[in-house]
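Structure first, then comments.
Computed over heavy atoms, backbone and side chain alike; hydrogens, waters and symmetry mates excluded.
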Amino acid sequence: MAERCEVLRVENVTVAYNGRVALRGATFTVLGGERVAVVGPNGAGKSTLFKAIVGLLPLESGRVEVFGCDPRREPASVGYVPQREDVDLTFPVTVHDVVMMGRIRHIGWLRRPSRRDREAVRRALEQVGLADLAGRPLGELSGGQVQRAFIARALAQEAPLLLMDEPFAGVDAASEEAILHLLDRLRERRVTVLLATHDLQMAAEWSDRVLLLNGEVIAYGPPADVLCPDALRRVYGGQLTLWEHERGTFILGDGHCSGGRR
Ligand code: ADP
């Protein structure tokens with residue numbers, strides 16, 4: 001089937017900040033239409049991995065390919081929803097401007113947006129429930145609304161691969177609901193999604209594969225294989241309370257996940 005082609009290849013990728021390695025030798029591939037949850041404790045390298053994939057950070061070594069090409073040369077192929085704390089809310093742009101940025105590669109430099117571009121922006125804003133706030137400065141939105149604006153930017157980009165960095169962190173219930181609904185819509189459209197999350201229950205229930213990170217790839221595979229007591233203890237140590245039961249591993253609350261069961 002066409003959607004099972006390889007969309008993302010990360011090969012032996014190492015990333016460092018000022019000579020300090022944050023991610024070492026990451027290797028994995030993602031197939032078309034897959035939903036991959038990227039999990040690991042704070043500082044595990046989830047954001048670093050995403051920034052390396054979209055070309056925001058240089059690689060110390062290794063390579064990244066999206067549909068067989070360097071994503072820095074084909075940036076339209078990867079949509080990126082940054083973590084909220086990475087967004088500069090003082091930058092004077094409206095919600096509409098932010099979403100239109102997703103169309104830049106379609107519009108081309110120094111050209112005006114076409115009707116198709118404006119329509120894509122309108123649709124994306126509607127999908128995330130922000131149509132009424134299009135003219136608002138970004139800095140006046142709530143955390144959840146900012147997150148939705150960046151998701152709309154990625155939707156307007158119409159990228160076949162989407163990276164979402166902790167989209168549920170600090171969002172209100174309405175935004176959480178809207179984001180979950182969108183994830184379902186993306187599934188229908190066979191968009192390949194990598195989502196960084198602290199929520200192990202969500203990772204277990206939502207994803208086709210889990211990438212467990214802790215400065216390097218600890219495990220990668222179906223949730224039932226990766227979210228097993230051994231691997232989780234290795235990564236989270238005493239921060240997680242696990243309760244093994246014949247029906248699965250129960251993950252009891254901690255500072256890093258909402259608790260739950262697989
Ligand atoms: P996660 O997203 O899993 O919480 P990060 O990718 O943000 O992890 O961080 C991985 C490691 O890289 C951490 O040790 C963090 O302190 C370090 N790091 C992240 N961003 C920077 C930066 N801009 N400068 C220096 N070190 C950084």
- Would you give the length of the straight line joining atom CG of Leu133 to atom CD of Gln145, rounded to the nearest 0.5 angstrom?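 Those atoms lie 5.5 Å apart.
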
- Message: With rounding to the nearest 0.5 angstrom, report the OG to CG distance, Ser77 to Leu162.
- Response: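 One finds 12.0 Å between OG of Ser77 and CG of Leu162.
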
Would a 4.5 Å heavy-atom cut-off, applied to side chains only, mark [X] and [Y] as touching?
{"X": "Phe28", "Y": "Leu49", "value": "yes"}
{"X": "Leu141", "Y": "Val95", "value": "yes"}
{"X": "Val81", "Y": "Gln147", "value": "yes"}

- Message: Side chains of Thr48 and Tyr17 only: does a donor on one sit below 3.5 Å from an acceptor on the other?
- Response: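 The answer is yes; a qualifying pair exists.
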
- Can Glu216 and Arg24 be counted as an ion pair, charged N to O under 4.0 angstrom?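 Here Glu216 does not pair with Arg24 in a salt bridge, since their nearest N and O are not under 4.0 Å apart.
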
- Task: State yes or no: do Val217 and Val21 share one hydrophobic cluster built from I, L, V, M, F, W and Y residues joined by side-chain heavy-atom distances below 4.5 Å, directly or via other members?
- Result: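 Shared cluster, no.
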
- Got more than 12 heavy atoms from elsewhere within 6.0 Å of CD, Glu119?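 Counting neighbours around CD of Glu119, more than 12 heavy atoms of other residues, nucleotides or ligands fall under 6.0 Å, so yes.
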
- Query: Is the number of heavy atoms from other residues, nucleotides or ligands under 6.0 Å of Asp184 CG greater than 12?
  - Reply: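 Correct, the count exceeds 12.
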
- Is there a donor-acceptor contact under 3.5 Å from the side chain of Asn214 to the main chain of Ala44?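 Looks like no, no N/O pair under 3.5 Å.
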
- Can you name the nearest heavy-atom pair linking Ala120 to Glu158, along with the distance?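 Scanning both residues completely, I find the closest heavy atoms to be CB-OE2, 4.3 Å.
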
- Message: Which heavy atom of Leu138 sits nearest to which heavy atom of Ala149, and what is that distance?
- Response: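 Heavy-atom minimum between the residues: CD1-CB, 4.1 Å.
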
